Every structure is written in C-alpha cells, then in structure tokens.
Amino acid sequence: MSLLNLSVAIGDYDRNRALIDGAVQIDGVDPVFMKLCPEEIFFRAFRNQDFDICELSLSSFTVKTATGTCPYVGVPVFVSRCFRHTSIYVRTDRIKKPEDLKGKKVGIPEYQLTANVWARAFLEDDYGVKPSDVHWIRGGIDDAGRPEKISIKLPEGVRLNDAPEGKTISELLIEGAIDGFMAPRTPSKAALKHPHIGWLFPDTVAVAKDYYRRTGIFPIMHLIGIRRTLAEKFPYLPSAVLKAFEMSKAIALEELADSSTAKATLPFLEEALVAARASMGEDFWPYGVDANRKTLSAFLHHHHAQGLSPRLVGIEELFHPSTLETFKV
C-alpha cells in the first residue's frame, strides 16, 4: 500500500518537533509539513479547508461542530494550552481590579477566540464580571479591520461594536478610548511601553496557580483536526495521528528533562519543570479525552453559555470515535 501524501499545518513547538523533523512517523502517511502561525492556519482551514491535517482553534471548531458544518473531525491532541490570565491588559490608571471592568470598554481581535472564551469564563466565575457587563470593541491588534473568521450570533445584552475605521485596539488602548484589551497576543510594542498599560493581574503566575489548585483546569487552546472526508475514507488515520503526536510529545518532555544543556533559551528551565510536575503531575500536558474531560466540559459549558455554540456540544462529538480510547499493553 502506498503512503498517503498529506499536508500537515501545525505550529513549530517542541512537542511537534519530532514529527516535523521526521524522528516520528504517522503510520501510513508521507506528510508535507507547513510550519505556520495559528492565525493563518485557522483562517485558511475554516475558509478554504486548505489542509489535510492541521492545528485548529477549539472555539471555532466547537462552533462548526455545533452547527454540523465542520469540515474537520477532531483528534484529542492539544498542542496549545495556556492560563489566559496573561491575556488581559488594562489602563492601570483606571482599572485596579477585575470588578472595575464592569461597564467599561474592552478591545478584542475576535469575540469567539478560544483565549477569550477562557478569559471571560474566569472573569465571570471568579470575579462576577459577566460578558454582558462589558462593552466589547472588535479590531485588529496590529492591523485595522480584522473580521471574525466565522459568523457568530451573540446573546441579547452582549454589546459588540467594531473599532473605528482604520484604528487598531492597540491604538485605542494607548489613546484611552478603551479601558482594556483581551487577546491571545500582547498589544503592540508601543502600547507595552505606555506607563499606564499593564496586566490586569500583576502576578499572573500566582493567580494562575491558584486557579489550577481550585479547578484542576489547564485551559486547552488548540486541537488537531483531520479533513472529514479523509477520516471517512481512511478510518485508521485519526488513531495513527493521535499515536504519532503522543510519541512526539514524549520525546519533547524527555529532552526538556535533560539537564545537561538547556533546550530553550530561558533561565531556571529545570526548576520550572520540577515545579510544574510537583503541582500538576508527571504528565502535566495530557493528550487524549479521558485525561481532559473536566477541562473540555468546562470549556463547552462556557462556550454555550457565552452564546457561541447554539447548543451544548458533547465531548464525544468533537472527536473521531477511534480516538476516544487507546490500546494498553
């Protein structure tokens, strides 16, 4: 049987690198890897279905799954995770605590971004700031006029307006036309240099650690998707993809633990790894459905409550049936 020649669009992360450099193979596949930024992958995947296998936004994927229009089927490989307390910047001269965001204007690049779903979730759960309490202003971070990748219909009472023509939300934050900024990326360099712009949570590590201690949730941002028509034609493919990504991640963690030389250009890397395992367990970045049920359930609940998915999506609906469980030796 000849190998499937498939396009694979993913980020260049350490957990993917053994796949990208060929140390790990996807059974039955001759891949063509494209290392692209998330914004480009998501835009091209959901607009034109450009890739056979690709990294996908959990939020956009859930919207499409809820409406039965998703061209991809999911594999529970969560290549991007992040505590999104770092995603909220504010005018520190007027916003001192999360509750101060009530009645204020907050800029966002897109309402349905996964990072923003998680940020709105903890603002509501932990600080009582509901999505309807904030006036949302949508615009590009560095480029004006950024649209939503997919169409959404927000609940009554949620205010969302576009930024003035030609303006970015970074510029609006500098000018003081908005009070906050919520996004997976930082504001512009000019905004970060402003004396009155900073994180809502000055000690983001402490607040994120407290969040994890209370909830047990390490927020998922992205999963892997396979073109649905391919998964139907080659039913072995989803489980083969899951297996390969698991193997690649295992190699990355093994290399990260090698203290002979740092694998990232960052001091205190060894100490950070020891601390992460002490507080979050040996496999602190799990793939697979069972290990992530609590996190997925919380996300799907908030996604629906925020009006992004028209119905509450079940966890099993997101993933190909062959990936819901794996063999054991």
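Remember, predicted model here, so these are calculated numbers, not experimental data.
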From T62 OG1 over to L308 CG, what is the distance, rounded to the nearest 0.5 angstrom? 9.5 Å
Note, S59 side chain near F299 side chain (heavy atom, < 4.5 Å): yes
Tell me whether E325 contacts the main-chain N or O of S322 through its side chain, where contact means a donor paired with an acceptor under 3.5 Å. no
Is the shortest heavy-atom distance from the side chain of V75 to the side chain of I53 under 4.5 Å? no
As a quick check of understanding, evaluate side chain to side chain contact (heavy atoms under 4.5 Å, CB included) for V29 and V8, giving each step before the final call. CA-CA 10 Å; V29 174; V8 183; 5.5 Å; no
If I compare all heavy atoms of L19 with all of F33, which pair ends up nearest, and what's the gap? O-CE1, 3.3 Å
K153 atom NZ: more than 12 heavy-atom contacts under 6.0 Å: no
Under 3.5 Å: donor-acceptor pair, side chain of T92, backbone of H196: yes
Atom NZ of K130 with >12 non-hydrogen neighbours under 6.0 angstrom: no
Is D14 paired with K263 through a side-chain N to carboxylate O contact shorter than 4.0 Å? no
Under a 4.5 Å side-chain heavy-atom rule over Ile, Leu, Val, Met, Phe, Trp and Tyr, are V158 and F181 clustered together? no
salt_bridge(K167, E175) N-O dist < 4.0 Å: yes
Kindly indicate whether the side chain of H194, heavy atoms from C-beta on, has any atom under 4.5 Å from the side chain of R91. yes
Return yes if some donor-acceptor pair links the side-chain N/O of R227 with the main-chain N/O of P71 below 3.5 Å, else return no. no
Quick check: are there more than 12 heavy atoms from other residues, nucleotides or ligands sitting under 6.0 Å from CD of E271? yes
Electrostatic pair D100-K97, nearest N-O below 4.0 angstrom: yes
Examine L269 and V274 and state if one hydrophobic cluster contains both, with Ile, Leu, Val, Met, Phe, Trp and Tyr joined whenever side-chain heavy atoms are less than 4.5 Å apart. no
Salt bridge check, R185 against D142: does any charged N sit closer than 4.0 Å to a carboxylate O? no
State yes or no: do V241 and L230 share one hydrophobic cluster built from I, L, V, M, F, W and Y residues joined by side-chain heavy-atom distances below 4.5 Å, directly or via other members? yes
Ignoring hydrogens and geometry, is there a side-chain-to-backbone donor-acceptor pair from R120 to Y111 under 3.5 Å? yes
Going only through I, L, V, M, F, W and Y residues with side-chain contacts under 4.5 Å, is there a path from L242 to V289? yes
Other residues, nucleotides and ligands only: do more than 12 of their heavy atoms fall within 6.0 Å of NZ on K105? no
Would Y89 and I95 show up in the same hydrophobic cluster when neighbours are defined by side-chain heavy atoms closer than 4.5 Å? no
Apply side chain to side chain contact (heavy atoms under 4.5 Å, CB included) to residues L318 and L300 and explain how you reach the verdict. CA-CA 10 Å; L318 297 175; L300 293 171; 4.2 Å; yes
Are the side chain of S7 and the backbone of D52 linked by a donor-acceptor contact shorter than 3.5 Å? yes
Rounded distance (nearest 0.5 Å) linking atom CG of L4 with atom CG of D27: 11.5 Å
Apply side chain to side chain contact (heavy atoms under 4.5 Å, CB included) to T215 and F122, showing your working. CA-CA 10 Å; T215 67; F122 69 68; over 6 Å; no
State, yes or no, whether a side-chain contact exists between V90 and V106 at a heavy-atom distance under 4.5 Å. no
Heavy-atom pair of closest approach, residues T114 and S57: OG1-OG, 3.1 Å
How close do L223 and L58 get, heavy atom to heavy atom, and via which atoms? CD2-CA, 3.8 Å
Under 4.5 Å between any side-chain heavy atoms of H135 and N161, yes or no? yes
Looking at every non-hydrogen atom in both residues, tell me the closest pair between I315 and S297 and how far apart they are. CD1-N, 4.0 Å
Contacts of E124 meeting salt bridge (Lys or Arg N to Asp or Glu O under 4.0 Å) (sequence neighbours excluded), chain-then-number -> none
How about I152 and Q306: do any of their side-chain heavy atoms sit closer than 4.5 Å? no
Electrostatic pair K35-E40, nearest N-O below 4.0 angstrom: no
Rounded distance (nearest 0.5 Å) linking atom CD of E99 with atom CG of D133: 11.0 Å
Test item: L36 and R44 side chains (from C-beta on) under 4.5 Å apart, heavy atoms: yes
Between L123 and P98 the two heavy atoms that sit nearest each other are CD2-CB, 4.1 Å
Both conditions, 6.0 Å and 45 degrees, for the charged tip of R81 above the ring of F284: are they met here? no
Would one find more than 12 heavy atoms of other residues, nucleotides or ligands at under 6.0 Å from atom CG of D258? yes
Sequence neighbours excluded, every pair satisfying ring-ring contact (aromatic ring centres under 6.0 Å, His included) that has a member inside residues 202-227: F42-H222, F83-F218, H85-Y211, F218-W285
When you check the gap from the basic side-chain N to the acidic O, do D162 and R138 get nearer than 4.0 Å? yes
So CZ of F51 and CG of L56: to nearest 0.5 Å the spacing works out to 9.5 Å
Counting only N and O atoms by type, is there a donor-acceptor contact under 3.5 Å from the side chain of N16 to the main-chain atoms of S248? no
N292 side-chain N/O to P286 backbone N/O, donor-acceptor pair under 3.5 Å: yes
Would you say L324 and F319 make side-chain contact, with heavy atoms under 4.5 Å? yes
What's the separation between atom CD1 in I224 and atom NE2 in H320, rounded to the nearest 0.5 Å? 15.5 Å
Which is it for R293 and L296 under the side chain to side chain contact (heavy atoms under 4.5 Å, CB included) test, yes or no, and what are the steps along the way? CA-CA 5 Å; R293 282 192 179 276; L296 290 166; 5.8 Å; no
Would the distance check show the side chain of E55 and the main-chain N or O of G11 forming a donor-acceptor pair, the cut-off being under 3.5 Å? yes
Can any side-chain N or O of S309 pair as donor or acceptor with the backbone N or O of V63 at less than 3.5 Å? no
Rounded to the nearest 0.5 Å, what separation is found between the OG1 atom of T168 and the CG atom of D143? 8.5 Å
With a 4.0 Å cut-off on N to O distance, would you call D283 and K249 a salt bridge? yes
Where is the tightest heavy-atom contact between T323 and G74, given as atom of each residue plus distance? OG1-O, 4.2 Å
Treating R311 as the side-chain partner and A66 as the backbone partner, does any N or O pair qualify as donor plus acceptor under 3.5 Å? yes
